[in-house]
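What follows is a structure written as structure tokens; I'll ask about it next.
Letters A, B, ... mirror the listed sequences (proteins, then strands); counts begin at 1.
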Amino acid sequence: MRIATWNVNSLRSRIDRVERFLERHDIDVLALQETKAREDQLPLMGLQSLGYDVAAAGTNQWNGVAIISRVGLDEVTVGFPGQPQWGDPAESEARALGATCGGVRLWSLYVPNGRKVDDPHYLYKLDWLGRLREAAGDWLGKDTALVGDWNIAPLDEDVFDMSQFAKSTHVTPRERAAFQAFVDDGYVDVVRPHTPGPDVYTYWDYYRQRFERNRGLRIDFVLGSPSLAARVTAASIDREERAGVGASDHAPVIVDLADA
DNA sequence: ATGGTAGAGTGTCTA
């Protein structure tokens, strides 16, 4: 089974790229973030004609998560137990969607950005991650994948220039500790071992031709429970998808799983 | 410190 995660930065504006991506890589399950669409705005027809079911959460113009699957889409859950709220509850719920697809419990996660270190959104981000960790502890014994845009660059090597992030979110010790806590609990970054070398980035800002100059961040991750991590046979970052006119600012991350 | 680009959708907000 081949799963993928992609911060698509608007599903409606990029539906053609999404459909081509699914076909090009023969994807079974795709988790999306920043869909920026209400349920009634989802472009379903092309996806369904390709054989996929779609589940989504999101009601505003900034967040939104979805799971697209052709191997089953069961036990769909909007939000995780204990998930903190921010503003409109519907906005908060648009950041986590769980579903069981082909025997794997998959969570499409859009971790709060945090905005600025002195912004209340930063504390919301830390609280959100802590609550997710509490909930995810109960899923360690199953085939679980926590995938999506974590809005954290855990290591200096995940950042094109650390000096530019001296006062920024995404790299602070508290955010990195919040990420590391999942690893300490037993969740495994299943992609890094399969992407050796310096080209680890998954996100390049639209500003200042950051992609063309390869000035990126690694903030999109697939964390697997021990039993899921043991099934991983391959993983890659689809940098091609970030190129050209009409690209998202994130690249998709792809993971292959052996049969259970 | 600010600005640069993109997407939501019309006046800004978010990233």
Gap in Å between the two P atoms, one belonging to B/dA6 and one to B/dT2, rounded: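 It works out to 23 Å between them.
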
B/dG7 phosphate, OP1 or OP2, under 4.0 Å from A/R12 side-chain N/O: no

Value in whole Å for how far the P atom of B/dT14 lies from OH of A/Y124: 13 Å

Distance in angstrom units between A/R38 CZ and B/dA8 P, rounded: 12 Å

Distance, C1' atom - from B/dG7 to B/dG11, rounded to whole angstrom: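 Here B/dG11 and B/dG7 have their C1' atoms 15 Å from each other.
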
d(CZ, A/R208; P, B/dT5) in whole Å: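 It works out to 10 Å between those atoms.
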
B/dG3 versus B/dC13 - spacing of their P atoms, nearest Å: 15 Å

Under 3.5 Å donor-acceptor pair, A/Y203 side-chain atoms to B/dA15 base atoms: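 It does not, because no donor-acceptor pair links the side chain of A/Y203 to the base of B/dA15 below 3.5 Å.
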
Whole-Å gap separating P (B/dT5) and CZ (A/R213):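 Interatomic distance, CZ of A/R213 to P of B/dT5: 13 Å.
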
Euclidean distance, atom CD of residue A/Q164 to atom P of B/dG3 [Å, nearest integer]: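 After rounding, the reported distance stands at 17 Å.
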
Closest to side chain of A/S13, choosing from B/dT14, B/dA8, B/dA15: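 Given the options B/dT14, B/dA8, B/dA15, the side chain of A/S13 is closest to B/dA8.
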
5′-ward residue of the pair A/Y206/A/E91 relative to DNA chain B: A/Y206

Residues clustering with A/W139 (ILVMFWY side chains joined when closer than 4.5 Å, directly or via others):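 Members alongside A/W139: A/F80, A/W86, A/W107, A/L109, A/V111, A/Y124, A/W128, A/L129, A/L132, A/L140, A/L146, A/W150, A/I152, A/F179, A/F182, A/V183, A/Y187, A/F221, A/L223.
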
Spacing of A/N63 atom CG relative to B/dA15 atom C1', expressed in whole Å: 10 Å

Touch class at under 4.0 angstrom, heavy-atom based, for A/R95 against every strand present: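 Result for A/R95 = sugar-phosphate.
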
Nearest-nucleotide 5' precedence on DNA chain B, A/D149 against A/A247: A/A247

salt_bridge(A/E19, A/R24) N-O dist < 4.0 Å: no

A/W62, nearest nucleotide to its side chain (from B/dC13, B/dA15, B/dA8): B/dC13

B/dG9 OP1/OP2 closer than 4.0 Å to side-chain N/O of A/Q41: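 Answer yes for this pair, as a side-chain N or O of A/Q41 is under 4.0 Å from OP1 or OP2.
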
Nearest-Å distance once atom C1' is located in both B/dT14 and B/dG4: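 Straight-line distance between the two C1' atoms is 15 Å.
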
Presence of A/R210 side-chain N/O under 4.0 Å of B/dG3 phosphate oxygens OP1/OP2: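 Result: no.
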
d(NE2, A/H170; C1', B/dT14) in whole Å: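 That distance rounds to 12 Å.
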
Residues A/D199, A/R239: salt bridge by 4.0 Å N-O rule: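 Yes.
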
Salt bridge A/D256-A/R2, side-chain N to carboxylate O under 4.0 Å: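 Salt bridge flag = yes for A/R2 with A/D256.
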
Sugar-phosphate, base or nothing in reach of A/R14, heavy atoms under 4.0 Å: sugar-phosphate

Residues clustering with A/V104 (ILVMFWY side chains joined when closer than 4.5 Å, directly or via others):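 Members other than A/V104 - counting any ILVMFWY side chain reachable under 4.5 Å - are A/M1, A/I3, A/V29, A/V65, A/I67, A/V71, A/L73, A/V76, A/V78, A/L97, A/L106, A/Y110, A/V147, A/V188, A/V190, A/V191, A/V222, A/L228, A/V232, A/I237, A/V253, A/V255, A/L257.
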
Gap between atoms CH2 and C1', on A/W86 and B/dA15 respectively (whole Å): 14 Å

Pairing of A/R176 and A/D158 as salt bridge, 4.0 angstrom limit: no

